[in-house]
Amino acid sequence: MPGGAAAPAADARVDLVGQSLDQLSETLKTLGEPAFRAKQLYKWLYVRGATDFDQMTDLSKSLRAKLAEGFKVGRPGVSAHQKSVDGTEKWLFRYADGNEAETVFIPEDERGTLCVSSQVGCSLTCSFCHTGTQKLVRNLTPGDIVGQFMKARDDLGDWGRSEDGRRLTNIVFMGMGEPLYNTDNVIAALKLLGDGDGLAMGRRRVTLSTSGVVPEMARIGEAVCPQLAISLHAVTDALRDELVPINRKYPIAELMQAVRDYPNLSNARRVTWEYVMLAGVNDSDADARELVRLIDGIPSKVNLIPFNPWPGSGYERSSNNRIRRFAEILMEAGYASPVRTPRGDDILAACGQLKSDSQRIGKRERLKLEAEMEAARLEKEAAVGL
Ligand code: SAH
Ligand code: SF4
């Protein structure tokens with residue numbers, strides 16, 4: 001174009017989504033407003049789902065104008081929104097920096113579960129997981145994480161509904177990424193999600209799945225104590241080293257101890273063991289018996305996940321008969337062991353199929369990030385005397 005068209009100015013406004021009540025108070029203080037206004041603002045954001053300051057009618061016009069100038073109440077952009085024949089929905093969300101992550105909604109009879117991502121990509125490389133083939137791009141912020149939930153609430157029409165009437169009733173951190181390699185941001189997000197005066201997702205309705213970052217399990221247990229799910233997938237160190245490589249750092253015995261030490265486990269609050277069924281790899285009767293032995297005495301349920309194939313994975317799903325027999329051994333030992341029905345596999349939304357095209361950062365930056373993460377972990381370990 002002659003003279004060149006001016007590029008649209010980048011949106012420099014600060015997104016308030018993800019800010020806690022204290023942070024909102026601080027924000028308002030910088031605008032010369034009293035802290036108590038933060039409660040009103042918080043309610044508009046997290047109880048009513050407002051995205052426009054003009055809706056916030058109990059705030060003065062001048063405050064609304066000031067807010068609109070420097071701030072926004074954002075939602076992640078939607079690069080794609082697909083619906084499976086079975087009702088499962090998948091969003092590919094796009095954040096302001098262009099990175100993308102997936103979120104899945106799984107409606108069932110009595111509840112609807114949102115599966116959220118905690119990282120773009122994953123630094124771990126579990127051999128059967130599609131996300132594991134995508135390098136870690138970045139951690140998601142608290143705002144990025146609750147943004148997935150808030151946008152899903154928008155699209156499902158859930159704001160303003162009573163608890164009984166909501167479509168989205170449960171959250172699982174089982175999307176892309178290892179939540180306990182992003183613990184601080186995940187804790188901040190869990191606090192926002194669990195606040196009875198805000199997003200109001202009760203603690204029993206929020207489950208965090210980890211591949212077994214042992215030192216972080218105690219920390220999250222103490223800070224917010226979500227329901228715990230462990231990606232076990234193998235009952236010997238030799239096999240788990242291969243399937244879930246973090247096992248080389250935190251082997252099965254240490255993982256089991258960390259679970260035994262997790263706060264508030266009881267029959268009403270059981271840990272879920274996730275176990276992917278890989279034909280001929282981890283699905284024998286002997287594996288099932290060893291699993292029973294390992295979890296003896298821990299209030300547990302076992303979730304058997306038929307392997308969801310993806311291009312080039314090299315694994316096959318165990319046969320239905322094999323899965324049934326494996327489940328029988330667990331049930332005979334007294335464990336509930338539902339077999340997870342693959343949902344949304346026609347849109348690659350089933351467990352372990354999530355992956356975005358966001359590229360990893362340059363090698364140097366990545367090494368720096370990894371070194372920082374490792375240093376932060378070591379610091380924490382030292383702080384808690386591990
Ligand atoms: N990183 C965390 C949370 C996300 S994964 C974790 O590993 O626990 C959610 C669950 O899906 C995990 O148990 C994971 O091991 C499992 N999973 C990964 N790939 C899978 C696949 N192809 N088929 C079935 N389950 C898979
Ligand atoms: Fe990462 Fe979990 Fe996939 Fe392992 S199973 S690569 S920890 S997302």
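Positions are given from 1, in the same order as the sequence printed here. Atoms within a ligand are numbered from 1 in the order they appear, just like the ligands themselves.
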Check your understanding: Once the angle between the rings of Phe307 and Tyr315 is folded into 0 to 90°, is it parallel (under 30°), tilted (30 to 60°) or perpendicular (over 60°)?
Key -> perpendicular
Could you pull out, from [options], the option with a heavy atom nearest to [atom]?
atom: atom 10 (C) of ligand 1; options: Gln119, Arg317, Glu274, Met174; result: Glu274
atom: atom 17 (N) of ligand 1; options: Phe307, Phe128, Tyr275; result: Phe128
atom: atom 1 (N) of ligand 1; options: Gly177, Ser211, Pro179; result: Gly177
atom: atom 13 (O) of ligand 1; options: Ser231, Ser127, Ser117; result: Ser231

Charged N-O contact under 4.0 Å between [X] and [Y]:
X: Arg219; Y: Asp184; answer: yes
X: Arg289; Y: Glu332; answer: no
X: Arg138; Y: Asp97; answer: yes
X: Asp195; Y: Lys191; answer: no
X: Glu69; Y: Arg13; answer: no
X: Asp237; Y: Arg240; answer: no

Sequence neighbours excluded, which residues qualify as salt bridge (charged side-chain N to carboxylate O under 4.0 Å, His left out) partners of [X]?
X: Glu242; value: none
X: Arg48; value: none
X: Arg270; value: none

Taking only heavy atoms of [X] into account, list the atoms of ligand 1 that are under 4.0 Å away from them.
X: His233; value: 13 (O), 14 (C), 15 (O)
X: Thr210; value: 6 (C), 8 (O)
X: Gly175; value: 4 (C)
X: Ile305; value: 24 (C), 25 (N)
X: Cys129; value: 18 (C), 19 (N)
X: Trp310; value: 22 (N)
X: Val276; value: 23 (N), 24 (C), 25 (N)
X: Asn308; value: 21 (C), 22 (N), 23 (N), 24 (C)

Taking atom types as modelled, find out whether [X] and [Y] have a side-chain donor-acceptor pair closer than 3.5 angstrom.
X: Asp22; Y: Ser20; value: no
X: Asn182; Y: Gln119; value: no
X: Gln148; Y: Asp144; value: no

Exercise for review: Using non-hydrogen atoms of the residue, decide whether Gly132 is closer than 4.0 angstrom to ligand 1.
Suggested key: no
Point to revise | Whether Tyr315 lies under 4.0 Å from ligand 1, heavy atom | key: no
Study note, to complete from the structure: So for Glu178 against ligand 1, with non-hydrogen atoms under 4.0 Å, the contacting part is both
Review point. Under 3.5 Å, N or O to N or O, is His130 touching ligand 1 that way?
Key: no
Review point. Does the N or O separation between Phe173 and ligand 1 drop below 3.5 Å for any pair?
Key: no
Review point. Tell me, which protein N/O/S atoms are under 2.8 Å away from atom 1 (Fe) of ligand 2?
Key: Cys122 SG
**Study point:** Cation over ring face, Arg75 and Phe93, 6.0 Å, 45°
**Key:** no
